[in-house]
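Notes to accompany the following structure.
All values below were derived from every heavy atom in this structure, side-chain atoms included, with hydrogens, water molecules and symmetry-related copies excluded.
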Amino acid sequence: MYSKALKDIEVVITDNPPGMDEITALETEGYHLATGDSSCNAIFVTTPGLALDITLSRLSDTCESLLNSVSPLSKASIKALVVNMVRTRLEMDRISVNGKEVKVIQIPFIKELLFNGFANSSVTPDLTELIRLVENEIAESRRTKNFETIVR
């Protein structure tokens, strides 16, 4: 089923809890078995407060967990951490995860978007930085023919 669903798809976005669970491992393994890809580039999405704290506490183990639980994977890396609905700018533009620097992209809280979404709002956050990051990853994947992005 994954092979058919993923035909001609360059980016896969999944919505999973922070860290690794059985469903995330099965989803990721299904993707990699269907496509033959052996690497995973992850962009994690969270919100400030407790969710951010939980995500930060699990980031360092996530790549190792992916490699240990998804047999086709030979490489896993975190490309960015997106913090959504930031009311007061966080004092972090980059964080260190397992000795590697990871970009932190902050998206401001916009009350009008809370229950309306983008389609029904006249206000949208500036997503230029995130779009540029994803475009660069897609361009790199075209060069290497090897790419998956997981957004959590």
**Complete:** For residues 109-132, the salt bridge (charged side-chain N to carboxylate O under 4.0 Å, His left out) pairs (sequence neighbours left out) are K103-E129
**Message:** Would you say N68 and S65 are linked by a side-chain donor-acceptor pair, where the criterion is simply a distance under 3.5 Å?
**Reply:** no
Do the non-hydrogen side-chain atoms of [X] and [Y] ever get within less than 4.5 Å of each other?
{"X": "F109", "Y": "L114", "value": "yes"}
{"X": "V102", "Y": "F44", "value": "no"}
{"X": "E140", "Y": "N136", "value": "no"}
{"X": "L52", "Y": "T47", "value": "no"}
{"X": "V82", "Y": "I43", "value": "yes"}
{"X": "V123", "Y": "I110", "value": "yes"}

**Item:** Intermediate values then yes/no, side-chain contact (heavy atoms from CB on, under 4.5 Å), D93 and V104
**Value:** CA-CA 5 Å; D93 290 327; V104 176; 5.6 Å; no
Could you give the distance from [atom1] ([X]) to [atom2] ([Y]), rounded to the nearest 0.5 Å?
{"X": "M85", "Y": "R87", "atom1": "CE", "atom2": "CZ", "value": "8.5 Å"}
{"X": "C40", "Y": "I78", "atom1": "SG", "atom2": "CD1", "value": "9.5 Å"}
{"X": "E29", "Y": "T24", "atom1": "CD", "atom2": "OG1", "value": "12.5 Å"}
{"X": "L66", "Y": "S39", "atom1": "CG", "atom2": "OG", "value": "11.0 Å"}
{"X": "E64", "Y": "N98", "atom1": "CD", "atom2": "CG", "value": "7.5 Å"}
{"X": "I107", "Y": "I105", "atom1": "CD1", "atom2": "CD1", "value": "7.5 Å"}

For residues [X] and [Y], report the shortest heavy-atom separation together with the two atoms involved.
{"X": "I95", "Y": "M92", "answer": "CG2-SD, 3.9 Å"}
{"X": "P72", "Y": "L33", "answer": "CG-CD2, 3.7 Å"}
{"X": "C63", "Y": "A76", "answer": "SG-O, 3.6 Å"}
{"X": "L6", "Y": "A34", "answer": "CD1-CB, 4.5 Å"}
{"X": "L81", "Y": "L59", "answer": "CD2-CD1, 4.4 Å"}

**Prompt:** side chain to side chain donor-acceptor pair (under 3.5 Å): which pairs involve residues 77-86, sequence neighbours left out?
**Reply:** N41-S77
**Heavy-atom donor-acceptor pair, S57 side chain to I54 backbone, under 3.5 Å** = yes
**Item:** Joint hydrophobic cluster, L113 plus F115, side-chain heavy atoms closer than 4.5 Å
**Value:** no
**Prompt:** Counting only heavy atoms not in L127, do more than 12 fall under 6.0 Å of its CG?
**Reply:** yes
